[in-house]
Amino acid sequence: NTDTAAWLDTWEKFEALGATTVVPGHGVPTTMSEVRRYTRDYLAYMREQVGALIENGGTLVDASAIDQSAYAHLDTYEELARLNASRIFRAMEFE
C-alpha cells in the first residue's frame, strides 16, 4: 500500500530532482507536469474528499462513491478507482 500522506509530504523533494522524463508505476513514460497532475493532484484530491467524508461520519461504502471522473481517461481507472478510494479511506480512518 502507498502511504499517501508521506507521498505528498515528499513530493517537493521528488519534483526538485528536475526530471524531464518520469517512468511511472502504471502507464508509459511521461513528464513531471503530468505526474503532478495525475498522481500528486489525484492523491491530494482523494485525501481531501476522504477527509471530508470521515469528518462527516461517512463510511467505507461512501468512499466508493467519491467522484473520480476527472481521472476516468487514465489507463487503470476502471481497475483502481474504487480500490484507491477504499485504501485511502482505511488508512485515513486511523490517522
Side-chain angles (χ1 to χ4, degrees):
N1 286 340
T2 298
D3 180 344
T4 57
W7 207 101
L8 291 169
D9 286 344
T10 60
W11 171 260
E12 297 303 322
K13 290 178 184 174
F14 173 61
E15 192 170 42
L17 295 172
T20 55
T21 302
V22 178
V23 180
H26 303 285
V28 299
T30 189
T31 65
M32 186 62 77
S33 65
E34 290 291 304
V35 175
R36 172 181 273 281
R37 182 175 180 193
Y38 295 120
T39 302
R40 187 252 172 238
D41 291 355
Y42 171 72
L43 293 177
Y45 169 77
M46 288 302 293
R47 287 186 58 82
E48 177 183 298
Q49 296 300 306
V50 169
L53 192 64
I54 290 170
E55 188 174 303
N56 292 310
T59 67
L60 181 59
V61 172
D62 298 322
S64 67
I66 292 172
D67 180 10
Q68 298 182 54
S69 61
Y71 303 93
H73 66 285
L74 299 174
D75 291 342
T76 56
Y77 176 80
E78 292 296 324
E79 297 85 5
L80 296 178
R82 291 176 56 128
L83 180 62
N84 288 342
S86 68
R87 284 182 175 167
I88 293 169
F89 182 92
R90 282 186 260 153
M92 289 183 69
E93 259 185 315
F94 302 104
E95 286 183 356

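FYI, side chains are in, hydrogens and waters are out, and symmetry mates aren't considered; it's all heavy atoms of this structure. Quick caveat: nothing in here was measured; it's all calculated off a predicted structure.
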Transitive ILVMFWY side-chain link [X] to [Y], under 4.5 Å:
X	Y	result
Leu80	Met46	no
Phe89	Leu83	no
Leu17	Val35	yes

*When rounded to the nearest 0.5 angstrom, what is the spacing between OG1 in Thr31 and CZ in Arg37?*
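Rounded to the nearest 0.5 Å, the OG1-CZ separation comes out at 10.0 Å.
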*Quick one: pull up CE in Met92 and CD in Glu55 and give me the separation to the nearest 0.5 Å.*
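It is 10.0 Å, given to the nearest 0.5 Å.
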Ignoring hydrogens, what is the shortest heavy-atom contact between [X] and [Y]? Give both atom names and the distance.
X	Y	result
Glu93	Ile54	N-CD1, 3.8 Å
Leu43	Ile88	CD2-CD1, 4.5 Å
Thr21	Pro29	CG2-CB, 3.9 Å
Ala63	Ala85	O-CB, 3.3 Å
Tyr42	Gln68	OH-OE1, 2.6 Å

*Applying side chain to side chain contact (heavy atoms under 4.5 Å, CB included), run through Asp67 and Tyr45 and close with a yes or a no.*
CA-CA 10 Å; Asp67 180 10; Tyr45 169 77; 4.1 Å; yes
_Please enumerate all residues that pass side-chain hydrogen bond (donor to acceptor under 3.5 Å, both in side chains) together with Thr10, with sequence neighbours excluded._
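side-chain hydrogen bond (donor to acceptor under 3.5 Å, both in side chains) check on Thr10 returns nothing, list empty.
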*Give the intermediate values and the outcome of side chain to side chain contact (heavy atoms under 4.5 Å, CB included) for residues Thr39 and Trp11.*
CA-CA 10 Å; Thr39 302; Trp11 171 260; 5.7 Å; no
*Do Val22 and Phe14 have side chains that get closer than 4.5 Å, going by heavy atoms?*
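The answer is yes; the side chains approach within 4.5 Å.
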*Would you check if the side chain of Ser69 reaches a backbone N or O of Ala72 as a donor-acceptor pair within less than 3.5 Å?*
no
*Test salt bridge (charged side-chain N to carboxylate O under 4.0 Å, His left out) applied to Glu48 - qualifying residues, sequence neighbours left out*: none
*Using distance alone, with no hydrogens and no angle criterion, decide if Arg82 and Ser86 have a side-chain donor and acceptor under 3.5 Å apart.*
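Arg82 vs Ser86: no donor-acceptor pair found between side chains.
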